[in-house]
Participant: 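Have a look at the structure that comes next, please.
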Amino acid sequence: MTKSYPLILVDGSSYLFRAYHALPKLTNSRGEPTGALVGVLNMLRKLRDEHRPERIAVVFDAPGKTFRDDLYPKYKANRPPLPDDLREQIEPLLTVIRAMGLPLVVVPDVEADDVIGTLAMRAAEAGLDTLVSTGDKDLAQLVDERITLVNTMSDTFLDREAVKAKFGVAPERIVDLLSLTGDSVDNIPGVAGCGPKTAAKWLAAYGDLDGVIAHADEIKGKAGEGLRAALEQLPLARELTKIRCDLALDFGPDDLHPGEPDVVALRDWYTRLEARRLLETLPDDDAVANEAPQYDLVLDEADFEAWLTRLAGADLFAFDTETTSLDYMRAELVGVSFAIEPGRAAYVPLAHAYPGAPDQLGRDSVLARLKPLLEDPRRAKVGQNLKYDMSVLARYDIHLVGIAHDTMLESYVLDSTATRHDMDALAKKYLGRETISFEAVAGKGAKQLTFDQVPLETAGDYAAEDAEVTLGLHQALWPRLEAVPSLAGLYREIEMPLVPVLSRMERTGVRIDRDLLAAQSRALTKRIQALEEQAYAAAGRPFNLGSPKQIGAIFFDEKKLPVVAKTPSGAPSTSESVLERLAADGYELPSLILEHRRLAKLRSTYTDKLPQMINPATGRVHTSYHQAVAATGRLSSSDPNLQNIPIRRDEGRQIRRAFVPEPGHRLLAADYSQIELRIMAHLSGDERLLAAFAAGQDIHRATAAEILGLSPEDVTGEQRRSAKAINFGLIYGMSAFGLARQLGIERGAAQDYVDRYFARYPGVRAYMDRTRAQAHEDKYVETLFGRRLYLTDINHSNQGRRAGAERTAINAPLQGTAADVIKRAMIAVDDWIERERPPVRLIMQVHDELVFEVAEDRVDEAAEPIRQAMEGAAELAVPLLVDIGVGGDWDEAH
DNA sequence: GCCCACCCGTAC
DNA sequence: GACGTACGGGTGGGCC
């Protein structure tokens, strides 16, 4: 094609129908109809590539009545309703056309033909040649010296001469010809017995339609009779057929310059449509990725709508919230950011409030429109620590679903020993990219701003980058994860499904009896004060009982007490074991300090702190569970830490009485019995250990009996205690030296115990040897569910470092498998709760224990499903046993 | 006033 | 030196 056209007008509606009927009914693999849509897109691409027009518009009919309906109520009455599988393709088509950068024209209450006629005429007046691309013969009436028709699907051009050749009349007579022949699709009757040939003949003979009408009497035959019968309606047919070229449009040809294609959106759409040919027309991924990122600050409806459309078409999008607080229970939403492709992201500020802040889209209206997307399980989202975003959104009644990926967890599963899994660290590690720190935009210390006070320019870059980097990280991390099927399985089956469970558990929180803790604090204060006075008297001067340094000065400098042990930094230790030793030697002060430390610890860490952590809105304490902290796969808890509430000593245990249910409810505590030893039995396959668990024996008693050659009933309490220390020591990779210290016995005696243990449990020894050897070989160990823990020090030249790594190698598979098991149990139990909606809430996890708040009258029926979920969480060679207790507080539930 | 290392103690 | 995994309070020193 050599001739160039300054304006191309595309009859989009005609092509859509032609494509729908002419092309096979294709669908993509999701079952969405795509045939007509892709057909039209291919045609548009071809048209644009061949002509590279300066101006172009794709014109569609607008829904609604037109002037033709007013002229003729039966207009288009024969037309069947739009098939559903065609209707569904219209909106996506319009969206993709916009993304292609092609001006889209839909004028309310006007048909595409008339818009095209008017625009072509205006162009002609301005001296511009127009190419009208259509599949509809009616438009032949527009053809003249400046207007040419093309059917891009069949590649046929119609200029004046071609129109004459094809229809037998000049373009000026096309309206007359069509009036005579009629149009069954538009329900314009025409003349019975008169087809295009006859009509052309008549028009050639009598000049035009008026001439034909004037000479109607002269025409013979069936067609002549038809003509005479149709005379009255022919003027109306002409009115209906004639394309209007005089519409009052508020735009003209010069408003129709094509824009830059949105390659990112197009790639998503073409991918979704599975249109490979179209995908190939787009520039390479790399070319896009290497461009400077484009961050949109979305402040108006049009931009937001455009992003909504992009998100709706994306297979996966990255998502992030900006808020006023790290505390998910207090955080107010300040903005949201999105990315659908590295290099392209947007920030939608919603509630930035500082002097001179620009108007922003309303939070409620934005959230209302995001809600369907965020709650749609088929719309896949990726985020960094999405548990946080999920909890924040829940406060706005948005229940995030479709959490497909979390980059923090991808990183954690790939390497749990990495110290940090935050976005900044990951961007540096995996993308070689330095990101904007929160501190850089919000400042730090007392001058730190909340995010709503951060100016939009910097906030936008920061927030959009968060989403964009998250997507980039996912693209870097996911292939690495997929390359190791066991890790991918762990991620998919355990870590990702756990995210909503933890979010719910955190938001539920736990009720705390503030008054009880306050009373305990007062009682502790009295005792602490008394101890201080006694200590000052014993020391001969006042000092800070909380300062190991001052204690050291008094003990080892002033009173010349023996140094029992030193701290790692070389200072004389004042640890519990040291003080106990000194107390046993008859000194008074050490036991006073020990007592003081215990009480001060309880007061500062628990009885004073927990009431401060009560959320005023819920009256409950909401901890944070961290899913990417502990290298073994365990969770950790902070703010407050609910996983180290005292239990071993009675004084401390009282604090658990302050963990209470709502009125009408009970606490139910379910803990695994000896889970790590059972896992050791399973992993080692040791026959005696397996047999002991199979028989339901008290495992520490059985161990004592084996080591000492007694029958279980003859084992004393002291002997059982020693065996228990051995069992735990094994789990921690303890040496005979450590055991001796633990039990306060000679090293030789401890070694004797260890030897006898391994003689009776040879499978355990073999397992430990095997594990160590494997660790040296692989530089990592794994849990039963494939979780890996890397041991960088396993071949270290330093003996201490190497020994430490070996202990970790022994401990990690046991601790880590237990963590896997309880995580699976949590997912199962949450699934039951969400499915059956019993009056049961999961409120705490403490490594081998789950705590529930249950309606008082439903405790009995809750216990069994909980037990089944927990005991069924893994299929081991030994039974998994769960002990369940119920009470009016957490202490009582044990 | 803020930050951090250190020591110590709580849990499983 | 010697028992694994966490969190966090108080002290005390350094820094701004």
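Naming: A, B, ... by sequence-line order, numbering from 1 per chain.
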Participant: In whole angstroms, how far is the P atom of dA6(C) from the CD atom of Gln815(A)?
Facilitator: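 Distance check: Gln815(A) CD to dA6(C) P gives 7 Å.
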Participant: So, is Arg648(A) near the phosphate of dA11(B), with a side-chain N or O under 4.0 Å from OP1 or OP2?
Facilitator: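 It does, given that an N or O in the side chain of Arg648(A) lies less than 4.0 Å from OP1 or OP2 of dA11(B).
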Participant: Within the 4.0 Å heavy-atom criterion, would you say Ile810(A) contacts the bases, only the backbone, or no part of the nucleic acid?
Facilitator: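 Contact class for Ile810(A): none.
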Participant: Shortest non-hydrogen contact from Val578(A) to Ala565(A)?
Facilitator: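 The answer is CG2-CB, 3.9 Å.
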Participant: Choosing from dA2(C), dG9(B), dA11(B), which nucleotide comes nearest the side chain of Arg656(A)?
Facilitator: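 For Arg656(A), the side-chain atoms sit closest to dA11(B).
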Participant: How would you label the contact of Glu576(A) with the nucleic acid (heavy atoms, under 4.0 Å): base, sugar-phosphate, or nothing?
Facilitator: sugar-phosphate
Participant: Look at Arg741(A) and dG1(C) and indicate whether a side-chain polar atom (N or O) is within less than 4.0 Å of OP1 or OP2.
Facilitator: no
Participant: Identify whether any heavy atom of Arg807(A) sits under 4.0 Å from a base atom; if not, whether one sits that close to sugar-phosphate; answer base, sugar-phosphate or nothing.
Facilitator: sugar-phosphate
Participant: Name the residue closer to the 5' end of DNA chain C, choosing between Lys566(A) and Ile731(A) according to the nucleotide with the nearest heavy atom.
Facilitator: Lys566(A)
Participant: Assess whether a salt bridge exists between Asp769(A) and Arg772(A), defined as any Lys/Arg side-chain N lying under 4.0 Å from an Asp/Glu carboxylate O.
Facilitator: yes
Participant: Output yes when Arg634(A) and Glu676(A) qualify as a salt bridge under the 4.0 Å nitrogen-oxygen rule, no when they do not.
Facilitator: yes
Participant: Look at the side chain of Lys601(A) against the base of dG9(B) and say whether a donor-acceptor pair falls under 3.5 Å; ignore hydrogens and angles.
Facilitator: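 Answer yes: a donor N or O sits under 3.5 Å from an acceptor.
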Participant: With a cut-off of 6.0 Å (strictly less than), are more than 12 heavy atoms of other residues, nucleotides or ligands near CZ of Arg581(A)?
Facilitator: no
Participant: Check every atom of dG12(C), dG9(C), dT5(C) against the side chain of Thr808(A) and return the nucleotide holding the closest atom.
Facilitator: dT5(C)
Participant: From the set dG4(C), dG9(C), dT11(C), return the single nucleotide nearest to any side-chain atom of Ser547(A).
Facilitator: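 Closest nucleotide among those given: dT11(C).
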Participant: Return the value, rounded to whole Å, for the distance between atom CD1 of Ile655(A) and atom P of dG8(C).
Facilitator: 15 Å
Participant: To the nearest Å, how far apart are His626(A) NE2 and dT5(C) C1'?
Facilitator: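 These atoms are roughly 14 Å apart.
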Participant: Give a yes/no on whether any side-chain N or O of Ser573(A) is located under 4.0 angstrom from OP1 or OP2 of dC7(B).
Facilitator: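 No, no such contact exists.
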Participant: Assign Ala631(A) to base, sugar-phosphate, or nothing according to its heavy-atom contacts below 4.0 angstrom with the strands shown.
Facilitator: sugar-phosphate
Participant: Under 4.0 Å, counting only non-hydrogen atoms across every strand here, what does Gly800(A) touch: a base, just sugar-phosphate, or nothing?
Facilitator: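 Contact class for Gly800(A): none.
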Participant: Go through dC8(B), dG9(C), dA11(B) for me and flag the one nearest to the Lys609(A) side chain.
Facilitator: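 Comparing dC8(B), dG9(C), dA11(B) against the side chain of Lys609(A), the answer is dG9(C).
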Participant: Nearest whole Å is fine: how far is dC8(B) P from Gln550(A) CD?
Facilitator: 14 Å
Participant: Give the rounded distance in Å between these two atoms: CG of Asn544(A) and P of dG9(C).
Facilitator: 17 Å
Participant: For the pair made of CZ in Arg649(A) and P in dT10(B), what is the distance, rounded to whole Å?
Facilitator: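 Value for this atom pair: 5 Å.
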Participant: Closest to the Ala630(A) side chain: dG1(C), dT5(C), dC7(C)?
Facilitator: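 Closest of the options to the side chain of Ala630(A): dT5(C).
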Participant: For Leu487(A) versus Gly786(A), what's the shortest heavy-atom pair and its separation?
Facilitator: CD2-O, 3.4 Å
Participant: Using a heavy-atom cut-off of under 4.0 Å over every strand shown, decide if Arg597(A) touches base, sugar-phosphate, or nothing.
Facilitator: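 Sugar-phosphate, no base atom in range.
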Participant: Are Gln643(A) and Gln845(A) close enough that a side-chain donor and a side-chain acceptor fall under 3.5 Å?
Facilitator: yes
Participant: Looking at the side chain of Lys549(A), which of dG9(C), dG12(C), dA11(B) is the nearest nucleotide?
Facilitator: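 Of all the options, the side chain of Lys549(A) is nearest to dG12(C).
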Participant: Residues two or more places apart in sequence or in another chain: which of them pass ring-ring contact (aromatic ring centres under 6.0 Å, His included) with Tyr761(A)?
Facilitator: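 With neighbours one apart ignored, the set is Tyr757(A).
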Participant: When the distance from CG of Asn644(A) to C1' of dA11(B) is rounded to whole Å, what number comes out?
Facilitator: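 So the CG-C1' distance, Asn644(A) to dA11(B), works out to 5 Å.
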Participant: Which part of the nucleic acid, if any, lies within contact of Phe728(A), taking any heavy atom under 4.0 Å across all strands shown: a base, the sugar-phosphate backbone alone, or nothing?
Facilitator: nothing
Participant: From the list dT10(B), dG9(B), dC12(B), which nucleotide is the closest neighbour of the side chain of Leu594(A)?
Facilitator: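 Taking heavy atoms from C-beta onward, the closest nucleotide is dG9(B).
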Participant: With respect to the side chain of Arg634(A), which nucleotide from dC7(B), dA2(C), dC12(B) is positioned closest?
Facilitator: dC12(B)
Participant: Quickly work out the Leu642(A) CG to dT10(B) C1' distance and round it to whole Å.
Facilitator: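 In whole Å, dT10(B) C1' lies 13 Å from Leu642(A) CG.
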